[in-house]
Amino acid sequence: MSVNLSKGQGISLQKSDGATLTAVRMGLGWQAAPRRGLFGKRTREIDLDASAVLFADKQPVDVVFFRHLVSDDGSVKHTGDNLVGGAGQGGDDEAIMVDLQRVPVHIDQIVFTVNSFTGQTFAEVENAFCRLVDETNGQEMARYTLTGGGTYTAQIMAKVHRQGNGWQMTAIGEPANGRTFQDLMPAILPKL
């Protein structure tokens with residue numbers, strides 16, 4: 001059963017039988033919102049990018065994004081850049097896989113971000129979501145919906161962080177501005 005997350009809400013990454021998750025996928029989907037033009041409704045291509053920033057003791061130590069598809073240790077992998085979106089309510093347009101068992105012990109948080117590389121605001125995007133999937137069985141565990149649009153070009157979506165011997169996911173849902181994950185670092189750091 002999937003949980004619709006709201007800003008700041010956290011969930012434990014335990015399976016219903018009490019076992020610990022071993023691999024998760026953070027999926028991102030979106031569609032360009034139709035807009036009125038001289039010749040009717042039209043959509044514009046929008047390039048949203050998913051990124052994962054790996055932190056050790058609040059210091060960024062690695063990042064996975066469209067120009068660096070695999071973390072240095074191999075535990076986090078990006079499926080590739082989608083330049084136009086289109087999945088919206090269905091499947092993922094971009095995805096980042098995390099092998100939780102392979103994440104080095106010094107990595108204590110992984111923050112997932114979304115940014116509009118082409119600079120359009122989220123007012124021009126619809127049906128955008130971020131979801132967490134148990135990669136071993138394909139079951140969606142949690143979904144965070146980008147709501148309301150707005151004048152910002154990025155979102156700090158969620159973080160996966162160590163808690164005891166396991167992992168927990170917390171929805172952040174913080175709007176920001178920037179075309180790349182580097183632009184978002186000042187907004188990410190207070191969320192750690």
Side-chain angles (χ1 to χ4, degrees), residues 2-3 5 7-28 48-82 92-115 117 129-144 146 154-176 178-192:
S2 182
V3 175
L5 292 174
K7 186 175 177 178
Q9 182 181 2
I11 63 164
S12 173
L13 299 184
Q14 295 275 322
K15 293 186 176 193
S16 58
D17 64 5
T20 302
L21 282 174
T22 57
V24 295
R25 178 177 74 237
M26 183 65 70
L28 167 67
L48 295 186
D49 290 321
S51 302
V53 185
L54 288 70
F55 288 89
D57 197 27
K58 299 189 180 189
Q59 297 297 316
V61 294
D62 200 356
V63 66
V64 173
F65 70 118
F66 68 92
R67 289 191 179 141
H68 185 243
L69 295 176
V70 180
S71 62
D72 294 340
D73 58 57
S75 66
V76 182
K77 297 178 182 180
H78 195 297
T79 59
D81 196 14
N82 181 320
D92 303 328
D93 291 314
E94 290 191 14
I96 298 175
M97 318 298 206
V98 182
D99 184 340
L100 295 168
Q101 293 180 315
R102 289 187 58 201
V103 174
V105 293
H106 70 285
I107 303 294
D108 54 10
Q109 297 186 68
I110 302 171
V111 177
F112 297 95
T113 65
V114 176
N115 54 276
F117 187 74
F129 65 86
C130 174
R131 67 189 189 127
L132 189 71
V133 177
D134 179 345
E135 203 48 20
T136 61
N137 62 17
Q139 181 181 357
E140 181 176 294
M141 299 180 56
R143 177 178 287 258
Y144 185 81
L146 284 167
Q155 181 102 346
I156 303 164
M157 295 298 292
K159 69 179 178 178
V160 175
H161 49 100
R162 291 188 190 272
Q163 183 168 353
N165 293 331
W167 291 86
Q168 180 165 339
M169 177 191 172
T170 301
I172 298 172
E174 188 69 34
R179 294 180 53 231
T180 67
F181 75 89
Q182 293 101 325
D183 298 338
L184 304 179
M185 290 307 287
I188 292 172
L189 294 175
K191 304 299 177 194
L192 300 178

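Bear in mind that the values here come from a model prediction, so they are computed numbers and not experimental data.
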Steps toward side-chain contact (heavy atoms from CB on, under 4.5 Å) verdict (L28, D93):
CA-CA 6 Å; L28 167 67; D93 291 314; 5.7 Å; no
Contact check, side chains of W167 and V103, non-hydrogen atoms, under 4.5 Å
yes
Decide side-chain contact (heavy atoms from CB on, under 4.5 Å) for K191 and E174; before the verdict, give the C-alpha distance in whole Å, the side-chain angles of both, and the deciding distance to 0.1 Å.
CA-CA 9 Å; K191 304 299 177 194; E174 188 69 34; 3.3 Å; yes
How far apart are the C-alpha atoms of L192 and V111, what are their side-chain angles, what is the distance that settles it, and do they pass the side-chain contact (heavy atoms from CB on, under 4.5 Å) test?
CA-CA 8 Å; L192 300 178; V111 177; 3.7 Å; yes
Determine whether a donor-acceptor pair (N or O, by modelled atom type, separation under 3.5 Å) exists between the side chain of D108 and the backbone of D57.
yes
Interatomic distance, H78 atom NE2 to S51 atom OG [nearest 0.5 angstrom]
6.0 Å
If you round to the nearest 0.5 Å, how far is CG of L184 from OG1 of T113?
5.5 Å
Can you name the nearest heavy-atom pair linking V64 to S71, along with the distance?
CG2-N, 3.5 Å
Do the side chains of V63 and L54 get nearer than 4.5 Å, heavy atoms only?
no
With side chains defined as the heavy atoms from C-beta onward, is the minimum distance between M26 and L132 less than 4.5 Å?
yes
If you compare all heavy atoms of R102 against all heavy atoms of D73, which two are closest, and at what distance to 0.1 Å?
NH2-O, 3.2 Å
Heavy-atom distance under 4.5 Å between the side chains of T79 and M97, does that happen here?
yes
Between Q109 and the options H161, K159, K58, R162, the side chain to side chain donor-acceptor pair (under 3.5 Å) test singles out K159
Could you check if a side-chain atom of T22 sits within less than 4.5 angstrom of a side-chain atom of L100, using non-hydrogen atoms only?
no
Heavy atoms only: give me the nearest M185-F55 pair and the separation to one decimal.
CE-CZ, 3.8 Å
Test side-chain contact (heavy atoms from CB on, under 4.5 Å) on V70 and V76; report intermediate values, then the result.
CA-CA 6 Å; V70 180; V76 182; over 6 Å; no
Shortest non-hydrogen contact from A187 toward P190
O-CD, 3.4 Å
Pairwise side-chain contact, N115 with D183, heavy-atom cut-off 4.5 Å (strictly under)
no
Are F112 and V160 packed together at the side-chain level, in the sense that at least one heavy-atom pair is separated by less than 4.5 angstrom?
yes
If I compare all heavy atoms of I110 with all of A52, which pair ends up nearest, and what's the gap?
CG2-CB, 3.9 Å
Determine whether V133 and V24 make a side-chain contact, defined as any pair of heavy atoms from C-beta on separated by less than 4.5 Å.
no
Nearest 0.5 Å, please: how far is CZ in F181 from CZ in F117?
11.5 Å
Exactly one of K77, E140, R131 clears side-chain contact (heavy atoms from CB on, under 4.5 Å) with R25, and that residue is R131
